[in-house]
Chemist: 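One structure, pasted below without further comment.
Naming: A, B, ... by sequence-line order, numbering from 1 per chain. Because the structure is a prediction, the values reported are computed rather than measured.
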Amino acid sequence: KRRILTGTYVLSAGYYDAYYLQAQKVRQLISDDFTRAFADVDFLIGPTTPTPAFGIGQKMDDPIQMYLNDIYTIGANLAGLPALSVPCGFSGGLPVGLQLIGAHLSEPALLKVAHYFQLETDWHTRVPAAYA
Amino acid sequence: MKWEVVIGLEIHAQLATASKIFSGASTTYGAPPNSQACLVDLGYPGILPVLNEQVVRMAIKFGLATNCKISRRSVFARKNYFYPDLPKGYQISQYELPIVSGGHIDIVLNDGEIKTIRITRAHLEEDAGKSLHENFHGASGIDLNRAGTPLLEIVSEPDMRSAAEAGIYMRKIHTLVRYLGISDGNMQEGSFRCDANVSLRLKGEKELGTRTELKNLNSFRFVEKAIEIEVERQIEILEDGGHIVLETRLYDSDRDETRSMRSKEEANDYRYFPDPDLLPVVIEDVLVDEIKDSLPELPDAKRIRFVKEYALSDYDAGVLTANLGTADYYEEAVRSTTVASPKLVANWVQGELAAALNRDGLDIAESKIASAELGLLTERIEDGTLSGKLAKEVFERLWHGGGSIDDIIEQRGLKQISDSDAIEKLVDDVLSQNPTQFEQFRGGNEKVIGFFIGQIMKASGGKANPKQVNAILRKKLNE
């Protein structure tokens with residue numbers, strides 16, 4: 001509901017320029033930033049989420065904290081880039097994801113890199129201790 | 001009158017494509033309800049719109065024919081509002097960047113004066129479904145066949161100053177879209193709809209008064225009547241010292257009055273934003289040039305050419321060119337004969353043919369007499385074989401049973417009597433059989449000539465050549 005209302009609000013009369021239009025401009029800057037990065041590298045890697053999984057209902061009172069959990073995956077979506085996540089280990093017994101982002105239309109190569117990673121590692125076969 | 005009437009028209013013309021603007025579903029009118037709405041039209045989750053190329057071409061055609069600027073880059077936007085006949089909850093339209101804008105057309109007013117009406121813009125959008133409120137026992141039926149049908153919304157500047165001007169402009173646009181082949185302009189079927197924005201201001205005043213928007217104007221006549229009645233209503237309010245409320249009013253043709261539909265203050269905030277599912281429409285010069293070369297001769301140019309080439313009056317040329325089908329039929333008929341004068345052919349197309357089509361409710365394309373046949377008929381009149389009156393009889397026979405003109409003339413013995421000896425005899429007979437009237441003529445009564453002519457025509461079974469009868473009769477009377 002919050003997402004729907006926010007979306008409606010930023011498009012409404014008097015707020016379109018300040019929010020929606022401005023956001024689209026920022027989005028273009030983000031996209032351009034990625035384009036510049038891919039002039040130098042083939043892929044970007046980083047953590048998929050800022051923290052491992054938290055308890056059910058733990059952050060319900062803080063919507064901003066909830067939204068911030070997506071912060072590392074928003075970029076690829078804003079820029080329209082292919083990205084994926086593969087298991088890369090554990091922290092405190094909880095699984096951690098490695099994010100791979102490629103340039104536009106680099107899906108074949110992206111999938112190959114992920115596949116090679118999984119040939120060299122076995123994190124993706126392991127089950128967290130609490131559920132073994 | 002101290003008030004100046006200011007009118008702008010918004011016309012929605014359905015574009016005559018085979019499939020919808022953003023999906024492959026059919027646009028054919030009259031199909032069973034909800035049989036021509038695919039998942040894209042129904043707005044199911046996950047669907048994506050794909051632009052129909054034909055609509056872009058049609059919009060460019062219209063833009064070129066109305067001196068508009070063709071936008072080399074135009075954008076589709078979402079117009080958001082909730083209504084049962086709008087499946088997606090938004091209508092895909094164009095907002096800030098319409099496909100064509102800044103044009104004008106000339107209209108000829110009733111007194112012959114030519115006035116330019118500016119066209120602000122024309123943009124592409126999809127039609128919504130249809131809501132039916134009768135026959136559902138307190139509920140409403142929704143037919144989504146129409147959802148997704150392409151529309152060209154044509155917006156004029158508020159340049160019109162009377163209901164009559166608005167009617168002329170609307171008819172001009174109606175003729176134009178049919179000439180261009182982009183819309184069938186069928187108002188009964190809803191493929192040509194018009195809303196009027198009406199406001200008043202004191203003569204000489206530069207600022208616009210508050211306007212009302214009139215909707216539900218289903219015919220040319222209703223558009224004019226609704227505007228007239230609304231102007232009266234507004235004058236009454238203003239003269240009483242009141243204010244006009246910015247609102248939408250529906251025209252009720254039965255009561256000849258307008259009723260408030262909704263106040264514009266309660267109007268939706270449509271929250272326009274560019275549709276993320278559709279790319280901007282990029283138009284290359286090559287396409288514009290190609291379409292420019294393919295434009296048909298437009299109504300005004302055709303009318304002017306008819307006046308010059310066929311020596312017709314401006315009025316006749318106007319009537320013949322109001323409908324492209326009629327204009328083509330007329331030219332084919334004229335070209336099929338080297339004997340009949342274009343003026344004579346024009347009289348027959350506007351007269352007998354039009355009357356027969358009207359009577360049987362037919363379009364010219366369904367005429368029971370082909371253009372070449374009509375050409376031959378007028379040739380037979382021009383070459384003296386048929387009198388005008390008997391030609392009408394031949395026309396009726398042709399219309400109802402076909403056959404060939406010459407056969408009919410032969411079989412019915414309708415050939416005009418042009419032999420002077422035969423006519424002289426008829427004249428002599430009638431004069432000698434009507435001594436009383438002859439004396440009246442001698443006594444100075446000129447009117448009795450008509451009586452003689454009537455009698456002669458009757459005696460000849462209507463076949464005597466009227467011109468010769470007249471000439472020979474007068475000669476004999478004056479001997």
Chemist: Are there over 12 heavy-atom neighbours, none belonging to A:Ile4, within less than 6.0 Å of that residue's CD1?
Modeler: no
Chemist: Are there more than 12 heavy atoms of other residues, nucleotides or ligands under 6.0 Å from atom CG of A:Leu5?
Modeler: yes
Chemist: Surrounding CG of A:Leu94 (heavy atoms of other residues, nucleotides or ligands, distance under 6.0 Å), is the total greater than 12?
Modeler: yes
Chemist: Check chain A against chain B and list any donor-acceptor pairs under 3.5 Å.
Modeler:
from    : atom 1 : to       : atom 2 : distance (Å)
A:Ala13 : N      : B:Asp269 : OD2    : 2.7

Chemist: Should we say atom CD1 of A:Ile56 is surrounded by more than 12 heavy atoms from elsewhere, each under 6.0 Å from it?
Modeler: no
Chemist: Does CG in A:Asp62 sit with more than 12 non-hydrogen atoms of other residues, nucleotides or ligands closer than 6.0 Å?
Modeler: yes
Chemist: Going by the rule side chain to side chain donor-acceptor pair (under 3.5 Å), which residues pair with A:Asp33 if we only count those two or more places apart in sequence or in a different chain?
Modeler: A:Arg36
